Amino acid sequence: MRIVPLFGLTILVLAACSPSPEVPDAPTIDVSPATLAGVDLGRPIRALGNEPFWAVTISPEGIVYSGVDRPEQTADNPGPLLQGTTARYEATTGTGKPMSVALIATTCSDGMSDRTYPLTAVVKIDGETLTGCAASVAALATAGESGQVVETAGPTPPAGPPPA
């Protein structure tokens, strides 16, 4: 009778010492860049506003804020945090100041032109809250002075200032 319990104990000890079965790696998921109101957030985006005139360019290389009579400020691009119809970028500038850029999937008019943009922008920097409009740099490069700023396919133009 002592053989049965000893046999059972031997099986348990051997099972505990056996190597774990191989667990397959998690499947690789191909994640496309996120879009918001048809704007590919993986491509350069420009937000802009007036009174005061300002612009923010968001690209894979970083976030650049500039304005009339204001020093340019740059920050790393942490990538967007998507929450419903809003993409939020929370960053710290090279001078240690917090910068927040929210892109909201609502159409926007800049008040100066007859353009309609696919995104509304809210930028918080230096204790100031700025509101304006946003679209991809590619869409802005091909947009006219009026009408909808429409997203385009094709190569991304440089993220510098828009053409005059």
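Remember, predicted model here, so these are calculated numbers, not experimental data.
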(request) Using the test salt bridge (Lys or Arg N to Asp or Glu O under 4.0 Å), find all partners of Lys124 that sit at least two apart in sequence or belong to another chain. (result) none

(message) Under 3.5 Å, is there a donor on one side chain and an acceptor on the other for Ser109 and Thr116?
(response) no

(message) Please find the pair of heavy atoms, one from Tyr117 and one from Ala135, that lie closest to each other, and give the distance.
(response) CD2-CB, 4.2 Å

(message) Under a 3.5 Å distance rule, please check whether Thr35 uses its side chain to pair with a backbone N or O of Gly38 as donor and acceptor.
(response) no

(message) Once salt bridge (Lys or Arg N to Asp or Glu O under 4.0 Å) is applied, do any residues pair with Glu128, and if so which ones, sequence neighbours excluded?
(response) Arg70

(request) Could you verify whether a donor N or O on one side chain and an acceptor N or O on the other, from Ser100 and Glu90, lie under 3.5 Å apart? (result) yes

(request) Over all heavy atoms of both residues, which pair between Ala37 and Pro118 is shortest? Give the atoms and the distance, please. (result) CB-O, 3.6 Å

(message) Using a 3.5 Å distance criterion without hydrogens, assess whether the side chain of Thr92 forms a donor-acceptor pair with backbone atoms of Gly96.
(response) no

(message) Are Leu82 and Ile45 connected into the same hydrophobic cluster when the rule is that any two of I, L, V, M, F, W, Y join if their side-chain heavy atoms are below 4.5 Å apart?
(response) yes

(request) Begin from the C-alpha positions of Arg115 and Asp110 and carry the test salt bridge (Lys or Arg N to Asp or Glu O under 4.0 Å) through to its verdict. (result) CA-CA 7 Å; Arg115 287 180 172 176; Asp110 63 19; 5.6 Å; no

(request) Output yes when a side-chain donor or acceptor of Asn77 lies under 3.5 Å from a complementary backbone atom of Glu61, and no otherwise. (result) no

(message) Is it the case that over 12 heavy atoms from other parts of the model lie below 6.0 angstrom from the CG atom of Asp76?
(response) no

(message) Please give me the minimum heavy-atom distance between Leu103 and Ala134, naming the atom from each residue.
(response) CD2-CB, 3.8 Å

(message) Rounded at 0.5 Å granularity, tell me how far CG in Leu36 sits from CD1 in Ile104.
(response) 9.0 Å

(request) Identify whether Leu41 and Val64 are in the same connected component of the hydrophobic contact network (ILVMFWY, side-chain heavy atoms under 4.5 Å). (result) no

(message) I'd like to check Val137 versus Arg43 (side-chain heavy atoms, cut-off strictly below 4.5 Å). Are they in contact?
(response) no

(message) Main chain of Arg46, side chain of Thr57: is a donor-acceptor contact present, judged purely on distance under 3.5 Å?
(response) no

(request) Begin from the C-alpha positions of Thr93 and Ile125 and carry the test side-chain contact (heavy atoms from CB on, under 4.5 Å) through to its verdict. (result) CA-CA 9 Å; Thr93 67; Ile125 189 165; 4.2 Å; yes

(request) Return the minimal non-hydrogen interatomic distance between Ala139 and Val149, and the atom names on each side. (result) CB-CG1, 3.6 Å

(request) Under the side-chain contact (heavy atoms from CB on, under 4.5 Å) rule, what do Met99 and Tyr65 come out as? Steps first, then yes or no, please. (result) CA-CA 9 Å; Met99 177 171 35; Tyr65 163 82; 4.0 Å; yes

(request) Compare every heavy atom of Gly42 with every heavy atom of Pro60, then report the nearest pair and how far apart it is. (result) CG-O, 3.7 Å

(message) Within the 4.5 Å heavy-atom criterion, are Lys97 and Asp126 side-chain neighbours or not?
(response) yes

(request) Compare every heavy atom of Val101 with every heavy atom of Val56, then report the nearest pair and how far apart it is. (result) CG1-CG2, 4.1 Å

(request) Measure the spacing between OG1 of Thr107 and CD of Gln148 and express it to the nearest 0.5 Å. (result) 8.0 Å

(request) Indicate yes or no: at least one non-hydrogen side-chain atom of Thr106 is less than 4.5 angstrom from one of Leu119. (result) no

